[in-house]
Amino acid sequence: PMDVENFNKSFNHYKKAIEIYDNMVDGNLYDQQIANIYVSIGGLYYSHRDMNESHIDVSEKYFEKAKDIYQKAPDEDVDSKYCYALVLNNLGSIYCFCKDENDKAEEYYTKALDIYKSIKGFNPLYQEDLARLYRNLGSLYFKKGDLDESKIFYNDSLYEYKGLYDNNPILYEIELQRIYNEMRLFYGHWYNDGQYDKAYKLSVLLYVIASHIYEGNKSETNIELYAD
């Protein structure tokens, strides 16, 4: 995280960029670029939310401004549809992890997922965004106590991240480990619920897979996480 001085500099640069676009002739031609800047500002405030409690609300405001632009894009503008799904995912994370508004988070996450599914010829450049969306849905349904749905989306996220990891282990090692670490939530639930055999199997499986990730053995990450 940056200090306050650099944080303010970053925001001012983004603000200046928006002013430049606004002053251009036919400025509406640059709506997507402006929306992209709104997303960057929203991300800036979200990633530095510990700096000030008001940053979450500011982040939400800019993500909403971007959403309002992206959702007006024509259907053939696939890039804008991807960006629309991304900002819905970001808003869902605010409601899920920061505001504890789980129903609203579900609405935004589900809408984002519908957009991904509606796009023909999925662009692999957005695989990471889809993997993150699946992981967020897994976390959301775990919070809501719907373990069956949570398990489905964690598996979906795991599948996407494994594909990314196989192509670039160094870049995606941490994300893949994060999925396995989040699965410890299931271990805790099953253990507390008296399902000791299930909890033990999962703990062993997590240990085996994590060990192989650290050792760089990609083939061993193909183990089915939820196999009984």
Side-chain angles (χ1 to χ4, degrees), residues 1-22 27-28 30-73 77 79-116 125-144 150 153 157 160-161 171-172 174-175 178-179 181-182:
M2 62 183 73
D3 57 30
V4 175
E5 180 180 356
N6 286 320
F7 176 90
N8 290 332
K9 284 182 179 179
S10 295
F11 175 75
N12 288 332
H13 286 313
Y14 286 134
K15 190 175 179 181
K16 182 64 176 177
I18 292 173
E19 290 174 356
I20 292 173
Y21 280 122
D22 283 340
N28 60 316
Y30 301 97
D31 280 351
Q32 178 162 345
Q33 286 82 351
I34 293 174
N36 293 343
I37 296 173
Y38 287 152
V39 172
S40 295
I41 295 175
L44 175 69
Y45 275 89
Y46 184 83
S47 61
H48 294 82
R49 57 193 179 278
D50 293 337
M51 191 179 288
N52 189 306
E53 63 180 14
S54 68
H55 281 192
I56 285 297
D57 291 332
V58 177
S59 177
E60 179 186 3
K61 181 184 76 172
Y62 278 100
F63 285 146
E64 286 285 354
K65 286 165 74 74
K67 176 178 71 68
D68 291 342
I69 294 175
Y70 290 137
Q71 68 183 356
K72 296 176 183 177
D77 186 351
D79 286 338
S80 288
K81 291 182 72 174
Y82 279 123
C83 291
Y84 184 30
L86 172 64
V87 80
L88 288 170
N89 190 8
N90 291 344
L91 284 164
S93 294
I94 287 177
Y95 298 128
C96 180
F97 302 114
C98 303
K99 297 198 170 187
D100 203 27
E101 297 181 26
N102 292 335
D103 290 341
K104 198 167 185 178
E106 183 177 12
E107 175 189 345
Y108 278 85
Y109 285 151
T110 302
K111 189 179 294 185
L113 185 57
D114 288 341
I115 292 172
Y116 280 122
L125 292 175
Y126 295 94
Q127 186 178 5
E128 182 177 1
D129 295 332
L130 181 60
R132 185 169 67 92
L133 175 59
Y134 282 141
R135 186 183 68 213
N136 289 341
L137 279 161
S139 299
L140 171 66
Y141 284 115
F142 188 91
K143 282 183 64 180
K144 297 183 75 169
S150 179
F153 285 112
S157 181
E160 298 296 338
Y161 273 123
L171 184 61
Y172 291 104
I174 293 177
E175 291 296 338
R178 181 176 176 180
I179 290 292
N181 288 334
E182 289 190 19

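Quick note: numbers below take in every heavy atom, side chains included, and nothing from hydrogens, waters or symmetry partners.
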Is the shortest side-chain heavy-atom distance between Tyr116 and Asp129 below 4.5 Å?
yes
Quick one: pull up CD1 in Ile174 and OH in Tyr161 and give me the separation to the nearest 0.5 Å.
11.5 Å
Tell me the closest heavy-atom pair linking Ala85 and Ala112, and the distance in Å.
O-CB, 3.5 Å
Side chain to side chain contact (heavy atoms under 4.5 Å, CB included) between Ile34 and Asp22: does it pass, once the steps are laid out?
CA-CA 9 Å; Ile34 293 174; Asp22 283 340; 3.5 Å; yes
Check step by step if side chain to side chain contact (heavy atoms under 4.5 Å, CB included) holds for Val39 and Tyr70.
CA-CA 11 Å; Val39 172; Tyr70 290 137; 3.7 Å; yes
For the CD atom of Glu160 and the CZ atom of Arg135, what is their distance to the nearest 0.5 Å?
12.5 Å
CD1-SG distance between Ile94 and Cys96, expressed to the nearest 0.5 angstrom:
11.5 Å
Please report the shortest heavy-atom distance between Ser150 and Gly138, naming the atom on each side.
OG-O, 2.7 Å
One should read off an interatomic distance between Ile69 CD1 and Asp31 CG, to the nearest 0.5 angstrom, of 5.5 Å
Listed by chain and number, what are the salt bridge (charged side-chain N to carboxylate O under 4.0 Å, His left out) partners of Asp100, not counting sequence neighbours?
Lys143
By side-chain hydrogen bond (donor to acceptor under 3.5 Å, both in side chains), which residues pair with Glu128, not counting sequence neighbours?
Tyr172
Identify the two heavy atoms, one from Ala35 and one from Ala66, that lie closest to each other, and give their separation to 0.1 Å.
O-CB, 3.5 Å
So, for Gly92 and Ala105, which heavy atoms are closest and what is the spacing to 0.1 Å?
O-CB, 3.4 Å
Check against side chain to side chain contact (heavy atoms under 4.5 Å, CB included), Lys144 and Asp103
CA-CA 9 Å; Lys144 297 183 75 169; Asp103 290 341; 3.2 Å; yes
Contacts under 3.5 angstrom, residues 9-18 side chains, donor-acceptor by atom type, not counting sequence neighbours:
residue : atom : partner : partner atom : Å
Ser10   : OG   : Asn6    : O            : 3.0
Asn12   : ND2  : Asn8    : O            : 3.1

Under the side-chain hydrogen bond (donor to acceptor under 3.5 Å, both in side chains) test, which residues partner Asn136, sequence neighbours left out?
Asn89, Ser93
Mind jotting down which residue pairs meet the salt bridge (Lys or Arg N to Asp or Glu O under 4.0 Å) criterion with at least one end in residues 32-43? Sequence neighbours excluded, please.
none
My understanding is that only residues two or more places apart in sequence, or in another chain, count here; which of them pass side-chain hydrogen bond (donor to acceptor under 3.5 Å, both in side chains) with Ser40?
none
Side chain proximity check, Leu133 to Leu86, heavy atoms < 4.5 angstrom:
no
Return the set of residues passing salt bridge (charged side-chain N to carboxylate O under 4.0 Å, His left out) with Asp114 (not counting sequence neighbours), or none when no residue passes.
none
Carboxylate-amine/guanidinium proximity below 4.0 Å for Lys67 and Glu64
yes
Taking every non-hydrogen atom, the tightest pair across Ser59 and Tyr46:
OG-CB, 3.4 Å
Apply ring pair (Phe, Tyr, Trp, His ring centres under 6.0 Å) to Tyr141 and list each qualifying residue two or more places apart in sequence or on a separate chain.
Phe153
Please report the interatomic distance OH(Tyr30) to CG(Asn36), rounded to the nearest 0.5 Å.
14.0 Å
Between His48 (side chain) and His55 (backbone), is there a donor-acceptor pair under 3.5 Å?
no
Atom pair OH/NZ of Tyr38 and Lys61 - distance to nearest 0.5 Å:
9.5 Å
Tyr108: which residues meet the ring pair (Phe, Tyr, Trp, His ring centres under 6.0 Å) condition with it, sequence neighbours left out?
Tyr95
All heavy atoms of Glu60 vs all of Leu91, minimum pair found to be O-CD2, 3.9 Å
As a quick check of understanding, evaluate side chain to side chain contact (heavy atoms under 4.5 Å, CB included) for Asp77 and Gln32, giving each step before the final call.
CA-CA 10 Å; Asp77 186 351; Gln32 178 162 345; 3.6 Å; yes
For Phe142, enumerate each residue passing the ring pair (Phe, Tyr, Trp, His ring centres under 6.0 Å) test, keeping only those at least two apart in sequence or located in another chain.
Phe186
Verify, without hydrogens or angle tests, whether Thr110 (side chain) and Glu107 (backbone) share a donor-acceptor contact under 3.5 angstrom.
no
Parallel, tilted or perpendicular: ring planes of Tyr45 versus Phe7, cut at 30 and 60 degrees
perpendicular
Where at least one partner belongs to residues 37-57, residue pairs that pass salt bridge (Lys or Arg N to Asp or Glu O under 4.0 Å), sequence neighbours excluded
Asp57-Lys99
Across all chains, not counting sequence neighbours, the side-chain hydrogen bond (donor to acceptor under 3.5 Å, both in side chains) partners of Gln71 are Tyr84
